[in-house]
Each structure stands twice: as structure tokens, then as C-alpha cells.
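We name chains A, B, ... by the order of the sequence lines, and we start the count at 1 in each one.
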Amino acid sequence: MVKTVFLALRSPREQDPSELIGRLASREEAHLVLVEDAVYNALDPRRAESLKEVAHEVYIAKDDLAAKGFSEADLKAGTTVDYDGIVELIMERTERTVTL
Amino acid sequence: MAESMLVLVTKPPYGLEDAFAGLRLGLAMAVNGMTVSVVMLEDGVYNAVAGQKPDAVGMPSNVDATTELYDFDVSVYVVKEDLAERGLADATTVEGLKSVDRGALIEMVSTHDVVTTF
Amino acid sequence: MTKTMTIIWRTGSMMAMDANVATKLASAAVRKGYKVNMFGYGEGVTAVKKGQAPKRFPNVGADLEALAEQGVAIALCETCYMARGFRRGEEIEGVKVGSLTNDLFKFVAESDRLVTVAR
């Protein structure tokens with residue numbers, strides 16, 4: 001099995017990222033990056049819980065979060081990441097990238 | 001250096017371009033000798049239903065786009081549970097499709113060098 | 001050996017920020033020393049039109065042009081491009097109007113990672 005980074009772009013009501021992640025990777029090997037409207041997933045306590053159950057690392061795009069009026073302190077899951085961090089995750093820390 | 005690709009088709013036929021585009025992308029990789037597998041999952045399983053009549057809406061056929069893949073040894077899978085969840089457990093599916101359990105997907109991600117989603 | 005990332009983007013220039021995500025990712029990857037290829041597919045091809053002039057929004061065409069200048073190989077699906085009424089020569093500098101079979105295949109075959117930006 002391989003370390004996989006999942007990329008989610010859609011809002012929580014459009015898509016629940018946890019469903020597909022749980023089917024495509026084990027928790028230990030699943031990393032999730034939330035960008036654009038998907039960042040709202042990390043602000044919702046219930047959704048945040050389900051994401052933590054399927055992915056052992058959750059990252060939220062720093063600029064998207066700021067644009068929407070929130071900051072690191074508002075997160076119910078994960079930590080913020082910049083684009084350098086996302087590239088590092090894709091190129092060095094995982095072997096597959098799957099867009100949800 | 002990627003030698004194999006997994007194409008995930010998650011969108012239904014004809015309302016969106018995605019599923020057709022994914023099948024064509026898979027074909028383009030396979031004609032060049034890349035090992036390609038396609039999985040129809042989530043709403044993508046609607047592409048697996050036999051008897052589609054895309055002419056009715058003037059769209060190119062996702063069934064033809066699927067079966068053309070067979071000439072280049074592309075395996076096309078449909079996820080059994082996703083069909084069942086949509087009330088299609090007993091539906092007739094497009095000839096040549098391989099039925100697969102959800103549980104097989106993790107292995108498929110790891111046995112292909114790259115993955116793309118439609 | 002330098003690792004290679006290929007980005008397929010399939011969303012158009014303005015309606016969603018996806019193409020901007022693709023260019024930001026490419027830009028960070030270049031900055032970190034990776035080789036980057038980008039392929040525009042489906043509605044994504046609209047992002048390469050020359051002369052985009054958004055008054056207040058990010059100019060994705062200009063961002064792509066800057067990436068091409070930095071050595072990012074950018075190609076797009078000609079069938080998708082023609083289907084939307086574009087003609088060769090209407091694209092920004094440094095972009096190849098190409099095909100899945102030739103260009104995307106070569107991009108993917110030489111890649112260590114493939115990233116899809118679409119919704």
C-alpha cells in the first residue's frame with residue numbers, strides 16, 4: 001500500500017471527502033489537503049471528526065482559510081499549509097495524489 | 001516515471017463532460033502502451049448501465065468510449081456496492097465490464113503509478 | 001535526478017478558482033526546483049486565451065505565461081480548444097496546442113507525480 005495525498009476542492013455540502021478517502025487508502029497512509037471551498041470542512045466539528053477518522057494528517061490551505069475570514073484557531077481538525085508545504089507533501093512525503 | 005494509470009470515473013453520463021473525457025484520456029494513454037485501468041465509482045457507475053441512448057440528447061456514447069478501451073487491454077471496473085446503493089444491483093451492465101468490490105480499491109491505487117479523477 | 005510533477009487542470013479561467021490553484025501549485029513546485037508540466041483539458045483550455053483582462057480577478061492567462069517563461073511545459077487538448085471556438089495563435093506565448101495522445105502521454109510518462117485540478 002502507498003502513502004496517498006487527497007485533494008478536496010468542494011464545499012462540505014457538495015461533497016463529503018471522508019467517504020472516498022476511506023475507500024481508497026488506509027487511515028495511516030491517507031493525507032488530506034483542503035483547498036478553496038473544501039476548507040469549510042475543517043471548521044465544522046462533526047465533519048472534522050469524520051475527516052480525522054479517515055486521514056491521519058489533515059491540512060488546510062492557509063490563503064483560502066484567511067480569504068474566508070478564518071484562521072488556524074478556528075480549525076476543528078488539521079493545521080494550515082502554504083503551497084510550498086502542499087508541494088512537499090505531494091513530491092516527497094507521499095507517493096500518490098488523488099483529487100476527490 | 002509513470003508506466004501505469006488509474007482513471008477514476010465518479011460522474012454520471014451526459015449531464016457533464018467528465019466521464020467521457022476520462023474514458024478518452026484513458027484511451028490516449030493506452031494506445032501509447034501505458035497500462036491503464038478505469039474504475040466507475042460513486043455516480044460514475046451510471047456509465048455502466050446497458051441500453052444508454054445518448055443520441056436522444058445528441059451526445060457521444062460513453063458506452064462506445066468504454067468498449068473501445070478493450071481493444072487496448074484496458075480493464076474497466078464498476079464498483080458493486082455503488083451500483084447497489086443506487087438501486088442498480090440487478091441492472092444489466094455494459095458488456096465486458098468487470099465487477100469489483102469497494103474493498104479492492106485501495107490495492108488498485110497502490111498498483112498504479114498515477115491516478116486521475118473525472 | 002530532478003523529480004517531475006504533471007498537473008492536469010480541467011476547469012476554465014474564471015468560474016472557479018481551480019485554474020489559480022493549478023498555477024499556484026506549479027509556481028511553488030518550480031520554486032522548489034521540480035520540473036513541472038501542465039496540461040489543459042476540457043474547459044481548462046479557456047485559461048490559455050491571450051489577452052485576458054480581468055479588472056479585479058487574478059489573471060490566470062498571465063500566470064500561465066509567467067510559468068511558461070520559467071520553463072514549465074504547458075500543452076492543451078486541441079480537440080477541446082477547437083470545440084470551444086478557439087483558433088491556433090489565440091493562446092498565450094509558450095503554450096502548445098497539442099493532444100492527449102502526444103503531449104499528455106509524454107508528460108505523464110516522465111512524471112513522478114500526477115495532480116488533477118478539477119471539480
Step by step, work out the side-chain contact (heavy atoms from CB on, under 4.5 Å) result for C:Leu64 and C:Thr23. CA-CA 7 Å; C:Leu64 284 166; C:Thr23 57; 3.8 Å; yes

Check the pair C:Val115, C:Met5 against side-chain contact (heavy atoms from CB on, under 4.5 Å), reporting the backbone distance first and the verdict last. CA-CA 7 Å; C:Val115 183; C:Met5 171 194 279; 4.2 Å; yes

Derivation and outcome, side-chain contact (heavy atoms from CB on, under 4.5 Å), residues C:Gln52 and C:Ser13: CA-CA 9 Å; C:Gln52 293 173 53; C:Ser13 51; 3.8 Å; yes

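C:Glu91 and C:Tyr81 form a side-chain donor-acceptor contact under 3.5 Å, judged by distance and modelled atom types alone. For the residue pair C:Glu110 and C:Asn37, a side-chain donor N or O sits within less than 3.5 Å of a side-chain acceptor on the partner.
Top candidate by heavy-atom pairs under 4.5 Å with chain B, chosen from C:Ala118, C:Ser99, C:Ala109, is C:Ala109.
Using cut-offs of 30° and 60° for the angle between ring planes, the C:Phe107 and C:Phe39 rings count as perpendicular.
Residues of residues 66-79 of chain B lying under 4.5 angstrom from chain C, judged on non-hydrogen atoms, do not exist. Within residues 107-118 of chain B, the residues having any heavy atom closer than 4.5 Å to a heavy atom of chain C are B:Val114, B:Val115, B:Thr116, B:Thr117, B:Phe118, listed by residue number. Scanning residues 10-38 of chain B against chain C with a 4.5 Å heavy-atom cutoff picks out B:Lys11, B:Glu17, B:Asp18, B:Ala21, B:Arg24, B:Leu25, B:Ala28, B:Met29, B:Val31, B:Asn32, B:Met34, ordered by number.
Side-chain atoms of C:Asp103 never come within 3.5 Å of backbone atoms of C:Leu100 as a donor-acceptor pair (strictly under, hydrogens ignored). In this structure a side-chain-to-backbone donor-acceptor pair under 3.5 Å is present from B:Glu81 to B:Arg102. Under the 3.5 Å distance criterion, the side-chain polar atoms of C:Thr4 are left unmatched by any main-chain donor or acceptor of C:Asp112. Counting only distance, with no hydrogens or angles, the side chain of C:Trp9 and the backbone of C:Ala19 share no donor-acceptor pair below 3.5 Å.
Listed by first and then second residue, the salt bridge (charged side-chain N to carboxylate O under 4.0 Å, His left out) pairs that reach into residues 40-67 of chain B are B:Asp43-B:Arg86, sequence neighbours excluded.
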